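Below is one structure, written out as structure tokens; the observations come after it.
The basis for the numbers below is simple: all heavy atoms, side chains too, and nothing from hydrogens, waters or symmetry mates. Because the structure is predicted, anything quoted here is derived from the model rather than measured. The residues of the chain are indexed from 1 along the displayed sequence.
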Amino acid sequence: MDKLIISGGAPLGGEIRISGAKNAVLPILAAALLADDTVTIANVPHLHDVTTSMELLGRMGVGLVVDEKMNIEVDPRTISTFEAPYELVKTMRASILVLGPLVARYGAADVSLPGGCAIGSRPVNLHVKGLQALGADISVEQGYIKARAKRLVGNRLVMDMVTVTGTENLMMAAALASGESIIENAAREPEVVDLANFINQMGGKIEGAGTDTIYVQGVENLHGTEYRVMPDRIESGTYLVAAAISGGRIKLKNTRPDIMDAVLQSLREAGAIITLGDDWIELDMEGRRPRSVDIRTAPYPAFPTDMQAQFTALNAVAEGVGTITETVFENRFMHVHEMQRMGADVRVEGNTAIIRGVKRLTGAPVMATDLRASASLVLAGLVAEGDTVVDRIYHIDRGYECIEEKLAQLGAKIRRVPS
Ligand code: UD1
């Protein structure tokens, strides 16, 4: 298993290109199962979660061709089984996204229950409840969700909680149901919009994605298409924090500032000077130490939970005291213990971390525990004195394309070594 070694201290500077969004490409790959023909997906990031999704589709018998630019051609016509096995679902919870498409298009899906997860219990009860409301017959047998249906029938779906993949699963299922479905209290995340745009490009009839009420008019079938995945707002935010924390100046290209209001606002509060174009963001800290910020995570358009750990790292070296309140997931402060080992002054009370910034962290061996927590440890390493060794970085490879290459391009002293 690889490790990352970071020698802290250098302010970051330069330009990088942001990759396609992990949380958009995963549902889009699953939605390809809805089509009657080949779909081609472009701007696909080279990530471990994408490889896992391809393995999942490949095992079902779906045809997959990847070219040298990571364009993926998905041909669902050769599908022969409708199962998502435990060994894949346990490494990537987003595998649950095949449940809706399989039952809608093929009338059968056997998807392993994801089980526990490092960032809380993360149940899938709302996915199941919504599919039942669309007429699927669902049972849980030997750890598998078994869903069967002739043709799903549109219905009014009121979500008890805002769930991103839950909204996506039901939107995909409703796309091929007979009649209209209305998803109320839907997730408004930009990745939900990207998925709706993809389905509509295949001939679907979805309106209202990006608001809390989504109208899906079911169609008989969906055709092949070519689609370009949106840029990754979490990767964008992570590199902006990397620059802010190090007092540096960077420019991100191929990104979407219009969907990053909450994160950009917090960076401005931290003292960053931010300039925006249609598809680029420039951040300049002018060599200053960041100021502490108070953050409360919540569903989009509020501050994203997937950026919380990175701002914990920023607060750890900022001037003043900052609080981070996590309202989306329970138990999402594992990175705090590792940062404390680097000298961070953090106290956790319930779902709030209170962080008193220190002038300097010190390098230490630390362990990556989940995807965004791992990224935050890399950020902390960038400003720590001496070497930080981040172990178990397979978590980072799930969601960040070439993180060490991009950071090195910005002047960071970082290298990957095999354990
Ligand atoms: C997605 C993102 C993840 C992000 C999260 C919140 C993908 C592939 N992953 O995860 O990166 O951190 O949104 O923005 O897009 N819940 C239930 N029952 C359900 C479903 C969810 O109680 O059936 C709860 C969860 O436990 C959690 C909350 O709802 O407390 C939100 O989770 P959800 O939006 O579903 O997260 P994911 O879609 O898994």
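Of the inter-residue distances, the one linking Glu189 atom CD with Arg233 atom CZ reads 5.5 Å to the nearest 0.5 angstrom. In this structure, CD on Gln409 lies 13.0 Å from CD1 on Ile414, to the nearest 0.5 angstrom. Residue Leu34 holds its CG atom at 9.0 Å from CG of Leu102, rounded to the nearest 0.5 Å. In this structure, CG on Leu56 lies 5.5 Å from CG on Leu88, to the nearest 0.5 angstrom. Of the inter-residue distances, the one linking Arg372 atom CZ with Ile396 atom CD1 reads 10.5 Å to the nearest 0.5 angstrom. Leu252 contributes atom CG, which lies 8.5 Å from atom CD of Glu235 (distance to the nearest 0.5 angstrom).
Judged by distance alone, the side chain of Asn254 and the main-chain N or O of Ile18 form a donor-acceptor pair under 3.5 Å. Put simply, the side chain of Asn185 never gets that close to the backbone of Val158: no donor and acceptor are under 3.5 Å apart. Between the side chain of Arg332 and the backbone N or O of Ala373 there is no donor-acceptor pair closer than 3.5 Å. Judged by distance alone, the side chain of Asn351 and the main-chain N or O of Thr327 form no donor-acceptor pair under 3.5 Å. Judged purely by atom type and a 3.5 angstrom limit, Asp37 has no side-chain atom pairing as donor or acceptor with the backbone of His223. Proximity of a side-chain donor or acceptor of Arg188 to a complementary backbone N or O of Pro301 within less than 3.5 Å is not detected. Looking only at distances, a side-chain donor or acceptor of Glu326 sits under 3.5 Å from a matching main-chain atom of Phe329. In terms of modelled atom types and a separation under 3.5 Å, the side chain of Glu319 and the main chain of Gly357 share no donor-acceptor contact. One N or O on the side chain of Asn169 and one on the backbone of Ile96 form a donor-acceptor pair closer than 3.5 Å. In this structure, the side chain of Tyr144 engages the main chain of Tyr86 through a donor-acceptor pair within 3.5 Å.
The shortest side-chain heavy-atom distance between Phe198 and Thr225 falls under the 4.5 Å cut-off. Proximity of Met230 to Ile259: side-chain heavy atoms (C-beta onward) are separated by under 4.5 Å at one or more points. At a threshold of 4.5 Å between non-hydrogen side-chain atoms, the residues His337 and Thr369 do not count as touching. Two residues are said to be in side-chain contact when any heavy atoms from C-beta on lie closer than 4.5 Å; Lys22 and Leu371 meet this criterion. Glu191 places none of its side-chain heavy atoms less than 4.5 Å from the side chain of Leu26. Counting only heavy atoms from C-beta outward, the side chains of Leu134 and Leu157 approach each other to under 4.5 Å. Between Met339 and Ile355 the shortest side-chain heavy-atom distance does not fall below 4.5 Å. Between Ser266 and Ile295 there is a side-chain heavy-atom pair separated by less than 4.5 Å.
The number of heavy-atom neighbours closer than 6.0 Å to NE2 of His48, taken from other residues, nucleotides and ligands shown, is 12 or below. The number of heavy-atom neighbours closer than 6.0 Å to CZ of Arg249, taken from other residues, nucleotides and ligands shown, is 12 or below. In this structure, Arg59 places its CZ atom where more than 12 heavy-atom neighbours from other residues, nucleotides or ligands lie under 6.0 Å away. For His46, the NE2 atom is loosely surrounded, since the number of other residues' heavy atoms within 6.0 Å does not exceed 12. In this structure, Arg296 places its CZ atom where only 12 or fewer heavy-atom neighbours from other residues, nucleotides or ligands lie under 6.0 Å away. By the 6.0 Å contact criterion, NZ on Lys146 is enclosed, its count of non-hydrogen atoms from other residues, nucleotides or ligands being greater than 12. Heavy atoms from other residues, nucleotides or ligands lying under 6.0 Å from CD of Glu226 number 12 at most. Counting heavy-atom neighbours within 6.0 Å of Arg416 CZ, excluding the residue itself, gives a total above 12.
Contact record, Asp391 with Asp2: OD1-O, 4.1 Å, taken as the closest heavy-atom pair. Shown here for Leu379 and Ala242, the closest heavy-atom pair between the two residues is CD2-CB, 3.5 Å. Considering all non-hydrogen atoms of both residues, Met159 and Thr167 come closest at CE-N, 4.4 Å. In plain terms, the two heavy atoms of Ala35 and Met202 that are nearest each other are CB-SD, 3.9 Å.
Shown here are the ring-ring contact (aromatic ring centres under 6.0 Å, His included) partners of Phe303, two or more places apart in sequence or in another chain: Phe311.
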### Message
Apply side chain to side chain contact (heavy atoms under 4.5 Å, CB included) to residues Val62 and Asp75 and explain how you reach the verdict.
### Response
CA-CA 6 Å; Val62 171; Asp75 184 354; 5.7 Å; no
#### Entry: Candidate pair Arg398 and Asp49, rule salt bridge (charged side-chain N to carboxylate O under 4.0 Å, His left out), full reasoning
CA-CA 5 Å; Arg398 285 189 41 219; Asp49 274 5; 2.9 Å; yes
### Query
Would Asp36 and Arg77 satisfy side chain to side chain contact (heavy atoms under 4.5 Å, CB included), going step by step from the backbone distance to the final call?
CA-CA 7 Å; Asp36 282 351; Arg77 288 170 300 186; over 6 Å; no
### Stepwise side chain to side chain contact (heavy atoms under 4.5 Å, CB included) test for Thr388 and Leu377
CA-CA 9 Å; Thr388 298; Leu377 296 174; 5.9 Å; no
### Task
Tell me, with the steps shown, if Asp110 and Arg148 meet salt bridge (charged side-chain N to carboxylate O under 4.0 Å, His left out).
CA-CA 9 Å; Asp110 292 353; Arg148 300 287 181 271; 2.9 Å; yes
### Task
Could you please spell out the steps behind the side chain to side chain contact (heavy atoms under 4.5 Å, CB included) verdict for Asp279 and Lys253?
CA-CA 6 Å; Asp279 64 352; Lys253 293 185 298 187; over 6 Å; no
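No hydrogens or angles considered: nothing links the side chains of Thr297 and Gln308 as a donor-acceptor pair under 3.5 Å. With 3.5 Å as the limit, one finds a donor-acceptor pair spanning the side chains of Thr323 and Asp294. Thr238 and Gln310 form a side-chain donor-acceptor contact under 3.5 Å, judged by distance and modelled atom types alone. Counting only N and O atoms by type, the side chains of Thr312 and Ser376 include no donor and acceptor under 3.5 Å apart.
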Would you mind writing out the side-chain donor-acceptor pairs for residues 206-215 within the sub-3.5 Å range, not counting sequence neighbours?
unit_1	atom_1	unit_2	atom_2	d
Thr211	OG1	Gly208	O	2.7
Thr211	OG1	Thr213	N	3.2
Thr211	OG1	Thr213	O	3.0

Tabulate below the donor-acceptor pairs under 3.5 Å that side-chain atoms of residues 64-71 make, not counting sequence neighbours, or state none.
unit_1	atom_1	unit_2	atom_2	d
Asp67	OD1	Lys69	N	2.8
Asp67	OD1	Met70	N	3.2
Asp67	OD1	Asn71	N	2.9
Asp67	OD2	Asn71	ND2	3.0

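A salt bridge links Arg156 with Glu184: at least one charged nitrogen is closer than 4.0 Å to a carboxylate oxygen. Under the 4.0 Å criterion applied to side-chain N and carboxylate O atoms, Arg228 and Asp194 are not assigned as salt-bridge partners.
Between Tyr400 and Tyr239, the ring planes lie perpendicular to each other; the angle is over 60°, past the 30° to 60° tilted range.
Of the candidates Asp284, Leu267, Leu240, Leu267 is the only one forming a side chain to side chain contact (heavy atoms under 4.5 Å, CB included) with Ile274.
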